[in-house]
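What follows is one structure encoded as structure tokens, with my remarks underneath.
The basis for the numbers below is simple: all heavy atoms, side chains too, and nothing from hydrogens, waters or symmetry mates. Model, not experiment: these values are computed from the prediction.
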Amino acid sequence: MGEKELIIDAKDIYKRFYIGQPNELEILHGISLKVYKGEFVAIVGASGSGKSTLMNIIGVLDKPTEGRYNLEGVDIMAAHDSELSDIRNQKIGFVFQTYNLISRTSAQKNVELPMLYRGIPGKKRAERARELLAMVGMEERMHHNPDELSGGQKQRVAIARAMANDPAILLCDEPTGALDSKTGRHVMDIFHKLNEEQGKTIVFITHSPELADECQRILTLSDGQFTGEREGSVHHDVAV
């Protein structure tokens, strides 16, 4: 068996705001993180622990003040804005708590959007969008707009959209946070299926120890630092 492929390699990450001002604030205090291809990793922490700041850095939505970050071999600190935009579009699939779907656009068109930015032709986009919506059990609702869908259905569409460009990593920020427990369970099952059947690398940010327990590896974030790491303890059988 060959060496595992490193997807995320972050070392000594610091993030400060209001630099040089009296109210300078350091949110992340020297975080290091390695995530390998095919891993399902949870980052768990209470509100105010620095989860969102860290997610923005992992997702290349923001740069660290100090430290180094390589994503699939690309030095993010040295990359130009246009390159970073391509990385966000092609290497990272985002799933947010609030879905972030475009309101007056069908589920299918929402899923097509990342492919449109990538310049994929219309016919191919539509075909892939339909396949992805079928994969998350939303083929019957592909022509519905988000306001015609339940929270769980919206999140399924958001997962399909996150998979549009077959990203190296799925970055999920409290993806079940706005859902009831039964719907959240369905959404969590989809993530397990993507991880186990497609080998998708997933970083799952949550405040829920129960959901974190289902992941292979759990990192605890507290006051901008990792304070613990352990293996998940819940064996999960996919039943989607």
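- Put simply, the residue from H186, H192, R185 that forms a side-chain hydrogen bond (donor to acceptor under 3.5 Å, both in side chains) with D189 is R185.
- Heavy-atom neighbours of Y117 OH from other residues, nucleotides or ligands within 6.0 Å: at or below the threshold of 12.
- A donor-acceptor contact closer than 3.5 angstrom links the side chains of S233 and D213.
- A salt bridge is absent between E112 and R128; no separation between the charged side-chain nitrogens and carboxylate oxygens falls under 4.0 Å.
- Considering all non-hydrogen atoms of both residues, C215 and V41 come closest at CB-C, 4.3 Å.
- By the 4.0 Å N-to-carboxylate-O rule, D9 lies close enough to R68 to be salt-bridged with it.
- Here the closest heavy-atom approach between residue L179 and residue G152 is recorded as CD2-N, 3.6 Å.
- Here the straight-line distance linking atom CG of L170 with atom CZ of F40 works out to 9.0 Å at 0.5 Å rounding.
- Open room surrounds NZ on K37; 12 or fewer heavy atoms of other groups in view lie less than 6.0 Å from it.
- To the nearest 0.5 angstrom, L116 atom CG is 9.0 Å from K109 atom NZ.
- When the shell of 6.0 Å around CG of D75 is examined, it contains more than 12 heavy atoms from other residues, nucleotides or ligands.
- Note on ring orientation: taking the six-membered ring where Trp is involved, the planes of F204 and F191 are perpendicular (angle over 60°, cut-offs 30° and 60°).
- Taking 4.0 Å as the cut-off between side-chain N and carboxylate O, E139 and R130 do not count as a salt-bridged pair.
- Between atom NE2 of residue H144 and atom CG of residue L149 there is a gap of 7.0 Å, rounded to the nearest 0.5 Å.
- A salt bridge does not link E231 with R217: none of the charged nitrogens is closer than 4.0 Å to a carboxylate oxygen.
- Residues N56 and T53 bring no donor and acceptor atom of their side chains to less than 3.5 Å of each other.
- No donor-acceptor pair closer than 3.5 Å links the side chain of N145 to the backbone N or O of E148.
- Cation-pi geometry between K4 and Y36 is met: under 6.0 angstrom from the ring centre, within 45 degrees of the axis.
- For the atom pair CG of L133 and CD of E140, the computed distance is 11.5 Å after rounding to the nearest 0.5 Å.
- The closest donor-acceptor contact from the side chain of T201 to the backbone of G38 lies under 3.5 Å.
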message = Is there a salt bridge (charged side-chain N to carboxylate O under 4.0 Å, His left out) between D62 and K15? Walk through the geometry before answering.
response = CA-CA 10 Å; D62 197 2; K15 184 64 185 178; 3.3 Å; yes
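- Here K51 does not pair with D173 in a salt bridge; the nearest charged N to carboxylate O distance is not below 4.0 Å.
- Using a distance-only test at 3.5 Å, with no hydrogens or angles considered, a donor-acceptor pair links the side chain of K63 to the main chain of M77.
- To the nearest 0.5 Å, atoms CE (M138) and CD (Q155) are separated by 11.0 Å.
- For the pair D86 and K91, the salt-bridge criterion is not met [side-chain N within less than 4.0 Å of a carboxylate O].
- Remark: the backbone N or O of S150 is paired with a side-chain donor or acceptor of Q153 at under 3.5 angstrom.
- Rounding to the nearest 0.5 angstrom, the gap separating the OG1 atom in T65 from the OH atom in Y14 is 11.0 Å.
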